[in-house]
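Worksheet for the structure shown next.
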Amino acid sequence: MADPKGFLTTPREEWPRRPVEERVRDWNEVYVPGALLPIVSAQADRCMDCGVPFCHQACPLGNLIPEWNELVSREDWRAAAERLHATNNFPEFTGRLCPAPCEAGCVLAIKQPAVTIKNVECAIADRAWEEGFAPPAPPERLSGRTVAVIGSGPTGLAAAQQLTRAGHTVAVYERDDRVGGLMRYGIPAFKMEKRHLERRVEQMRAEGTRFRTSTTVGRDVGAVELRARYDAVVIATGATAWRELAVPGRELAGIHQAMEYLPLANRVCEGDLESSPLSAAGRHVVIVGGGDTGADCLGTAVREGAASVTQLDIYGRPGDERDEDAEPWPTYPKLYRLSAAHEEAGVLRMAPVVGAGVDAGAGADARLFAASTVRFAGDGGGRVCALHLVGVDAGRRPVPGTERVLPVDLVLLALGFSGPERGDGLLAQLGVELSPRGTVARDAGFGTNVPGVFAAGDAARGQSLIVWAIAEGRAVAAAVDRHLTGSASRLPAPIGPYDRPMTV
C-alpha cells in the first residue's frame with residue numbers, strides 16, 4: 001500500500017475522452033492519446049490493499065489487482081507487467097473492452113467511487129509493449145503432442161498461447177481471413193484499434209502457434225479428419241448464432257442483424273472495402289437491443305454519417321446508484337452508464353426530435369428505454385420505412401397509450417446470441433452433445449462426450465464477457481495439458497466450467 005491515505009485524498013479520475021466533434025470524424029480510439037499515464041499512478045494509490053480483496057473474486061481471471069496497483073503507484077512498470085501477465089494473456093484487450101466487474105467488487109466502492117482498475121490495467125499493458133516487457137515466450141522443449149483450436153476469439157487465443165508455451169504444437173483454425181474473431185470484425189476500431197490484436201498475434205506466431213485462416217472446420221476441413229490428425233481439439237467458436245425478432249414486417253428490406261452490419265464497417269477500416277454496402281450514411285437508423293453490441297452499432301452509425309439514430313432497450317432506465325437490496329455489493333449492478341457512443345449521440349443530438357414520434361426529453365443519448373418493437377411497416381416497394389413500438393412495464397407487458405412510430409431506413413437487430421452456429425457441420429460431424437440451452441455440453445474437465453474434444457468460451461458457456469472468455473481459454477488449456485500429459489498440469493485454471501459471476 002503505497003499511500004495509506006490515497007483513497008481519502010485523491011478523487012477518482014478516468015482516462016479522458018477526445019472531444020466528440022473530433023473523434024466521430026475518425027475510427028481511432030476515443031481516448032486522448034498519452035493522457036492516461038500522467039494520472040494512473042495517483043489513481044493506483046487509491047487502492048486500499050484490502051485484507052480480503054473482493055476485486056479478486058469479482059474477476060474470473062483472479063487478477064492480482066492490489067499487487068500491481070502498488071507497483072504502479074511506485075512506477076515499477078516491469079514488475080507490474082509481470083504480475084498482470086501472470087493471470088491475463090491479453091490485458092490490453094480487457095483494459096479496453098471489459099466492463100470491469102472488478103471495480104464493482106472494489107471495497108472502496110461500498111461508499112466511494114471505485115479504484116480505476118481497468119485504466120490501471122490498460123496503462124500497464126501499453127507500457128509493457130512500449131518498454132519491451134512482453135517478449136515472446138516460446139517453450140524450452142516440445143512435447144510432441146498436437147492440438148487444434150477452432151476459433152480465434154479471446155478464448156481460442158488464450159488457450160492456444162497457454163498450450164504453446166507448455167510445449168505443445170498448436171494450430172488455430174479461423175473461418176475468417178484474419179485472426180481475432182469478434183474482436184476483429186465485431187468490435188469497432190474506436191473501442192480497440194486492431195494494432196493491439198495484431199501485436200499479440202505476432203507474439204504468438206513467434207512463440208510457435210500456427211494460424212490457419214479462411215478455413216471453416218466442417219466445410220473446408222472435415223471435423224472428423226481434424227480430430228484424427230490432432231491429439232486434442234478445442235472448440236472455441238463462440239456463440240455467434242444471433243437471436244431473431246419475430247414480428248410482422250421482419251422480411252422487409254433494410255432490416256439486418258448487427259453482425260451483418262458491424263463486420264462490413266470493420267472491413268472498411270481494414271481497407272478491404274471503400275464503403276460499406278450497409279452504410280448508415282444519410283439514413284434514419286433504429287437499433288433494436290440495448291446492450292453493448294447495440295452501442296457498437298450506434299457509434300458506428302454516427303461515424304458513417306447517419307441522419308438520425310435511436311436505440312431501443314426493452315428494459316426500463318436503470319438507476320444512477322446501486323440498489324443495495326436487489327444488487328448488493330460486490331455484485332455487478334445494472335446502472336445507467338453513458339458509453340462513448342451514447343455520449344456522442346447525445347452531444348450531436350442524433351435522436352429524432354418531437355414530431356418524429358419521440359418525446360422531447362426522451363432519447364437524449366439516443367436511447368429509448370422500456371420500448372418494445374411491435375411491427376415494421378414498408379414503403380410499398382418492399383423496404384422498411386417505419387417501426388411501430390410500444391412502451392412496456394417491468395414485466396414487458398404493453399402499456400396502453402404509449403404507442404409510437406419511428407421513421408426508419410435502416411434497422412439493426414442487436415438482440416444477443418443463443419449459442420454456436422450449426423450450419424458449418426462442425427458439431428454434427430464430431431457428434432458432440434448439446435445442452436438444453438443449445439450450447440456445447442461438457443463435463444467438469446471441459447471435455448465433451450467425444451474423447452479428446454474439449455469446449456470452452458461462449459460456445460459452451462453461452463454469451464458472456466471477454467474476461468470470462470480469456471479465463472475459459474486459460475482453464476481449458478490446463479485441462480487439455482492434463483489430458484495430453486496424463487499428469488497434473490502446471491498451467492493455471494482460474495475457473496471451472498460451471499462457475500458463474502457473483503449474484504444475489
Side-chain angles (χ1 to χ4, degrees), residues 60 89-90 93 147-163 170-176 179-187 212 215-221 223-224 226-227 230 232-243 259 293 415-480 483 493-501:
N89 296 71
F90 315 121
F93 299 171
V147 183
V149 176
I150 307 173
S152 69
T155 296
L157 292 180
Q161 185 167 62
Q162 292 293 94
L163 288 165
V170 182
V172 178
Y173 287 80
E174 169 57 52
R175 65 180 180 178
D176 284 324
V179 173
L182 291 184
M183 291 189 297
R184 171 72 67 179
Y185 291 126
I187 300 296
R212 306 282 187 266
T215 304
T216 301
V217 178
R219 187 176 304 148
D220 300 320
V221 176
V224 175
L226 192 78
R227 174 65 192 93
Y230 291 88
V233 172
V234 176
I235 299 173
T237 53
T240 54
W242 52 58
R243 293 192 177 97
M259 290 312 300
T293 302
L415 301 171
F417 306 93
S418 59
E421 294 180 36
R422 306 183 196 180
D424 54 20
L426 165 64
L427 303 180
Q429 290 174 25
L430 285 176
V432 297
E433 295 178 353
L434 301 179
S435 72
R437 296 189 302 140
T439 56
V440 179
R442 56 187 179 174
D443 58 26
F446 292 87
T448 69
N449 60 299
V450 181
V453 177
F454 300 79
D458 289 4
R461 174 173 292 274
Q463 185 179 356
S464 189
L465 305 177
I466 185 172
V467 69
W468 280 91
I470 297 173
E472 286 256 339
R474 290 172 67 86
V476 77
V480 172
H483 166 76
I495 60 170
Y498 310 131
D499 289 340
R500 292 293 182 270

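Given the structure is predicted, the values throughout are model-derived calculations rather than measurements.
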Of all the heavy-atom pairs spanning [X] and [Y], show the shortest one and how long it is.
X: V453; Y: R227; result: CG2-CD, 3.5 Å
X: A148; Y: L226; result: CB-CD2, 4.0 Å
X: F446; Y: I495; result: CZ-O, 3.8 Å
X: A160; Y: V172; result: CB-CG2, 3.5 Å
X: G445; Y: A479; result: O-CB, 3.3 Å
X: R184; Y: V179; result: NE-O, 2.9 Å

*Start with the C-alpha gap between I470 and T155, add the side-chain angles, then the distance that decides, and say whether side chain to side chain contact (heavy atoms under 4.5 Å, CB included) holds.*
CA-CA 5 Å; I470 297 173; T155 296; over 6 Å; no

*Sort and list the pairs that fulfil salt bridge (Lys or Arg N to Asp or Glu O under 4.0 Å) and have at least one residue in residues 446-473, not counting sequence neighbours.*
R442-E472, R461-E472

Side-chain heavy-atom pair [X], [Y] within 4.5 angstrom cut-off:
X: V440; Y: P420; result: yes
X: W468; Y: P501; result: yes
X: M183; Y: F93; result: yes
X: I235; Y: V432; result: yes
X: L157; Y: N89; result: no
X: Y185; Y: M259; result: no

*Can you name the residues that form a side chain to side chain contact (heavy atoms under 4.5 Å, CB included) with T215, not counting sequence neighbours?*
Y173, R212, D220, V221

*side-chain contact (heavy atoms from CB on, under 4.5 Å) with D424: which of V217, T237, T216?*
T216

Between [X] and [Y], is there a donor-acceptor pair closer than 3.5 Å when you use the side chain of the first and the backbone of the second?
X: E174; Y: D176; answer: yes
X: S418; Y: A241; answer: yes
X: R422; Y: G425; answer: no
X: Q429; Y: G218; answer: yes

*To the nearest 0.5 angstrom, please state how far the CZ atom of F454 sits from the CD1 atom of I150.*
13.0 Å

_Inter-residue atom distance Q463.CD - W242.CH2, 0.5 Å rounding_ = 13.5 Å

